[in-house]
Amino acid sequence: MACLFWFGMALLLFVLPAKSDDIPDGAHSTDCRDCYFVVTVDVSFTGEELHFEAVDETGVYPITQQYSAKCGYTVSVLPRTHQVELRASYFSCHTENKDDDVFTFNFNLISNHEGKQVTYALKKTCTPSLPWSPREVTCETNYMEVSVSSEMACPSGETSDDWNAEKPAPAAPDWQVVFHRAEEQLTPMNLSVAREQGYSIEMTDRRIVIRTAYGQPHSSSLEVNGVPVEVVHATLFSKQSWVFIIVDLVAACSMHEGSYHDSGYMVWETPELLNPLQSGLNNTEVNIGIRGELVQQPAAEERGFIVEKHDGLVEISIPYNAEGAYRKSFVSGGLHEFYVFNLYLEQIFVNKDHEETRQRYHRMLASPLLPLHVFTVNQAVVEEHEFTVYLGDVPDDIELSAVELNGHRCDAPFKNTSGHSVIEVFHPNNTHGYTLKVPFDDPVVLHQLSKEDEAMKHILEVNYTLTVLPENEPYFHLTSVVALSDIAPPEIDAVCAESGIIFKLDNRPFDYLWHISIGSDLLTPELATQKGYILTNDSQSLLLEVPLFTHGYVYEDFSLKGFTGTFEMLVKDRETSEVLSSALKTCQFTATEFIVCSTDGKITVVADLSLGGIPARSTLRSTYCGPKEADDTRALFHFPLNSCGSTVKLLNQRVTYQNEIIYSKRHFSESKVDSEPITERLIVQCVYPLAGLHRLFSVHKFESDTAGVGKIIRTSQSSAESQETTTVKPRLQELYVPKLNPAQI
Ligand SMILES: *[C@@H]1O[C@H](CO)[C@@H](O)[C@H](O)[C@H]1NC(C)=O
Ligand SMILES: *[C@@H]1O[C@H](CO)[C@@H](O)[C@H](O)[C@H]1NC(C)=O
Ligand SMILES: *[C@@H]1O[C@H](CO)[C@@H](O)[C@H](O)[C@H]1NC(C)=O
Ligand SMILES: *[C@@H]1O[C@H](CO)[C@@H](O)[C@H](O)[C@H]1NC(C)=O
Ligand SMILES: *[C@@H]1O[C@H](CO)[C@@H](O)[C@H](O)[C@H]1NC(C)=O
Ligand SMILES: *[C@@H]1O[C@H](CO)[C@@H](O)[C@H](O)[C@H]1NC(C)=O
């Protein structure tokens with residue numbers, strides 16, 4: 001290492017390693033900055049494991065952590081960008097320096113990609129765009145470097161009289177350095193000893209450079225206006241022939257670590273004047289850089305950077321989301337994020353002689369771990385019968401890799417099926433979101449009856465697996481959404497059958513919310529038995545067969561062809577008995593013979609008189625009462641119970657109304673054409689339970705709770721005998737069940 005002499009340059013061309021590979025396009029860039037080279041390597045091309053070597057004519061020097069601080073190299077990993085950055089000071093140990101004006105950096109980039117080590121030999125030549133200031137101080141992240149012009153090698157004050165303006169001869173062997181710590185002056189040492197102790201002291205063509213890692217034994221830590229400052233103060237001196245040359249070098253750097261303010265700024269501070277030795281200096285300018293390049297004041301303001309001077313401090317505030325800042329999500333007992341900003345700052349000071357000092361800082365500012373909030377909103381519209389859950393504010397380094405819906409897992413990439421779907425939504429503010437849609441009837445949705453709401457509760461518990469990239473660290477975000485939807489009363493199907501009407505409904509778990517009734521009677525197995533209905537009920541469905549002429553029918557449209565029967569089942573609110581819905585079924589029934597005894601006291605009867613009479617001529621007991629309708633074989637009578645000569649009998653709590661259909665049987669004997677016709681009679685009877693009758697003896701009004709039971713009784717006797725109906729034992733046609741034909745309406 002030692003000093004680089006410009007005449008050594010020619011040799012360099014021959015020491016480059018013979019074996020080297022071509023670096024892939026786009027994998028790296030090398031640029032010139034004000035006072036350093038910057039090499040950026042994209043690790044996605046080269047592999048994560050990489051290191052650098054500096055190369056000069058004397059050999060190859062691995063840039064290790066310790067070596068880089070001593071020799072002017074800085075390697076940093078830029079978070080989230082897959083980039084590694086190497087900065088090399090123009091005065092770094094192995095950089096070829098021509099007249100402090102042209103600098104050439106030869107280096108090897110060694111990558112270890114999948115176990116294969118590859119060496120790329122690279123080279124960059126730079127000429128600084130600005131002339132060197134008399135004093136330049138660099139506060140790198142890992143070292144301090146100060147360079148002064150050789151012309152400055154005359155300290156102010158009393159020694160200036162001894163100075164004869166001759167340049168110090170860099171090669172002079174008798175240079176000594178003495179470090180000052182606070183008020184203390186330490187023992188002088190020669191340059192070999194100083195270098196052994198980790199200092200780099202170089203004398204270039206026109207400058208003297210001294211570099212040291214932070215925290216060396218000869219440095220001092222001060223606090224200036226509340227900000228920690230590290231100072232290295234060295235005096236170099238040499239006695240050359242009769243001239244005594246003395247150079248004073250001071251490097252002072254603010255060691256402020258930066259702070260994070262709730263307002264969203266990272267703040268870094270440096271004292272306006274770093275140490276008492278600088279008294280008489282004026283800080284004239286502060287410039288901020290983005291990615292190592294200074295920007296003009298208005299441009300900095302536009303980006304939200306704030307530079308303020310107060311209480312002897314310069315305070316730099318950088319919005320955490322400023323251009324050039326990196327944001328990173330992090331899983332650590334929850335979801336967090338932090339911000340990193342690589343601050344590059346230049347301060348210019350002038351002294352009373354208008355001599356300039358340029359001080360440059362590289363500082364990495366990091367916010368603390370801040371809680372990161374993703375949110376979910378339930379955007380469901382119940383009418384659409386679907387959950388719509390939006391997961392928002394997901395940063396761009398987090399992606400949704402799975403969702404668990406009530407424990408049913410779906411992994412990304414999400415299929416856009418007819419069932420549930422997940423659709424990603426992007427926003428311009430570098431966040432994105434996911435819209436999850438799950439129809440209520442999707443098998444994953446849980447349902448629960450909500451008694452207090454009398455509604456069906458649909459429940460969806462969502463466990464989102466968010467993956468933080470590139471570490472693939474999972475974070476689970478849970479949300480639970482509930483929707484209520486009204487539950488409808490059961491739907492009852494009804495069909496007409498030959499002998500009645502059949503009602504059917506599906507049993508559902510929440511059907512206890514209502515009652516099913518027939519008129520005012522609650523439908524129970526007991527009621528069914530009592531009324532002659534056939535009830536079949538299991539966990540799946542309920543089937544109720546209502547035979548014709550059982551309780552609850554309303555009959556209408558009587559004719560010889562038949563009549564209609566209507567039966568109604570009601571669905572009532574369990575609490576209020578309010579009728580919520582009903583199933584009303586009307587069926588057409590046909591029968592050759594029937595009798596209907598209505599609740600309002602009408603008897604309707606169709607009788608088969610085919611045994612011989614002329615149906616149209618038949619009458620009831622009162623001969624004024626003829627049939628309403630008749631054909632060749634049958635007659636239809638429709639008359640009030642109490643009329644047409646009916647008799648009433650009260651027996652065993654039952655009231656029996658009875659009448660007769662009287663008709664003349666035709667006589668087909670040829671010999672006795674004039675013989676008297678034989679009178680035949682059919683007894684028609686309606687029996688009502690006494691308890692259900694409201695106006696038993698009222699002539700004009702009849703009202704019964706139940707329909708009466710009708711009978712048609714045929715007698716086998718002749719007209720003379722049959723008049724005494726009480727004495728004749730009638731042939732009782734059992735409870736009359738007509739032959740019915742199914743006819744659906
Ligand atoms: C520097 O000082 C050390 C110890 O004082 C001595 O051993 C060494 O020879 C000196 N080197 C030079 C080049 O004078
Ligand atoms: C520094 O600035 C102050 C006020 O602006 C001025 O009074 C002082 O003379 C300046 N000092 C130098 C060394 O320029
Ligand atoms: C998913 O389906 C919906 C509706 O059919 C459609 O609007 C949407 O664009 C689809 N999304 C994707 C990612 O295919
Ligand atoms: C990002 O933009 C979306 C859509 O404009 C907005 O809803 C969300 O709150 C924004 N997030 C942040 C963190 O600004
Ligand atoms: C969420 O899902 C993850 C991964 O399947 C599981 O480990 C975790 O226990 C789930 N969390 C809850 C609360 O169910
Ligand atoms: C029919 O069965 C279901 C379930 O077994 C029961 O909840 C319901 O009360 C029953 N209905 C009647 C009318 O018995």
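Please read all numbers here as calculations on a predicted model, not as lab measurements.
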Examine distances only and state if a side-chain atom of [X] and a backbone atom of [Y] form a donor-acceptor pair shorter than 3.5 Å.
| X | Y | value |
| --- | --- | --- |
| Asp56 | Thr58 | yes |
| Glu293 | Ile290 | no |
| Gln359 | Ala252 | yes |
| Ser68 | Thr64 | yes |
| Asp99 | Val102 | no |
| Arg195 | Ile201 | yes |
| His432 | Ile398 | yes |
| His256 | Glu269 | yes |
| Asn351 | Asp353 | yes |
| Ser150 | Arg206 | yes |

inquiry  = Within the supplied structure, the quantity of interest is the number of heavy atoms (other residues, nucleotides, ligands) at a distance under 6.0 Å from Gln66 CD; does it exceed 12?
reply    =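 Count not over threshold, so no.
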
message = A quick test of your reading: do over 12 heavy atoms of other residues, nucleotides or ligands sit less than 6.0 Å from CD of Glu223?
response = yes

message = side chain to side chain contact (heavy atoms under 4.5 Å, CB included), that's the test. Do Tyr326 and Asn342 meet it? Break it down for me.
response = CA-CA 9 Å; Tyr326 303 103; Asn342 284 320; 3.9 Å; yes

Min side-chain heavy-atom separation [X]-[Y] under 4.5 Å:
| X | Y | value |
| --- | --- | --- |
| Val232 | Gln216 | no |
| Val468 | Leu466 | no |
| Asn321 | Asn429 | no |
| Thr431 | Asp396 | no |
| Asn97 | Phe91 | yes |
| Glu473 | Phe330 | no |
| Leu369 | Ser332 | yes |
| Asp42 | Thr40 | no |

Please find the pair of heavy atoms, one from [X] and one from [Y], that lie closest to each other, and give the distance.
| X | Y | value |
| --- | --- | --- |
| Val177 | Ala234 | CG2-CB, 3.9 Å |
| Cys71 | Arg211 | C-NH1, 3.2 Å |
| Ser92 | Thr95 | OG-OG1, 2.7 Å |
| Leu313 | Pro271 | CD2-CA, 3.8 Å |
| Val209 | Glu145 | CG1-CG, 3.8 Å |
| Phe107 | Lys123 | CE2-N, 4.2 Å |

Could you grab the distance from atom [atom1] of [X] to atom [atom2] of [Y], nearest 0.5 Å is fine?
| X | Y | atom1 | atom2 | answer |
| --- | --- | --- | --- | --- |
| Ser317 | Ile306 | OG | CD1 | 5.0 Å |
| Thr235 | His233 | OG1 | NE2 | 4.0 Å |
| Thr467 | Leu400 | OG1 | CG | 8.0 Å |

I'd like to know if [X] and [Y] make a salt bridge, using a cut-off of under 4.0 Å between side-chain N and carboxylate O.
| X | Y | answer |
| --- | --- | --- |
| Glu346 | Arg358 | yes |
| Glu257 | Arg363 | no |
| Arg327 | Asp397 | yes |
| Glu356 | Arg135 | no |

Take the angle between the ring planes of [X] and [Y] and call it parallel below 30°, perpendicular above 60°, tilted in between.
| X | Y | value |
| --- | --- | --- |
| His94 | Tyr67 | parallel |
| Tyr361 | Trp268 | perpendicular |
| Tyr260 | Tyr339 | parallel |
| Tyr344 | Tyr36 | perpendicular |
| Trp132 | Tyr90 | perpendicular |

ask   = With a 3.5 Å cut-off and no angle check, do the side chains of Arg207 and Ser147 form a donor-acceptor pair?
value =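 Arg207 vs Ser147: donor-acceptor pair found between side chains.
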
task = Among Ile23, Asn108, Thr30, Asn106, find the residue that satisfies the side-chain contact (heavy atoms from CB on, under 4.5 Å) test when tested with Leu122.
result =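 That would be Ile23.
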
query = Considering residues at least two apart in sequence or located in another chain, which fulfil the salt bridge (Lys or Arg N to Asp or Glu O under 4.0 Å) criterion with Glu302?
reply =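 Result, salt bridge (Lys or Arg N to Asp or Glu O under 4.0 Å) vs Glu302: none returned.
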
message = Set out, in order, the CA-CA distance, both residues' side-chain angles and the distance that settles salt bridge (charged side-chain N to carboxylate O under 4.0 Å, His left out) for Arg87 and Glu85, then state yes or no.
response = CA-CA 6 Å; Arg87 293 190 292 270; Glu85 188 177 275; 2.6 Å; yes

task = Could you check Ile316 against Ile288 for side chain to side chain contact (heavy atoms under 4.5 Å, CB included), going step by step and ending with a plain yes or no?
result = CA-CA 9 Å; Ile316 316 289; Ile288 301 178; 3.6 Å; yes

message = Quick one, Leu343 with His362, criterion side chain to side chain contact (heavy atoms under 4.5 Å, CB included). Give me CA distance, side-chain angles, the key distance, then yes/no.
response = CA-CA 6 Å; Leu343 176 68; His362 289 276; over 6 Å; no

request  = Could you go through the side chain to side chain contact (heavy atoms under 4.5 Å, CB included) check for Phe52 and Val75 one step at a time?
outcome  = CA-CA 9 Å; Phe52 298 95; Val75 179; 4.1 Å; yes

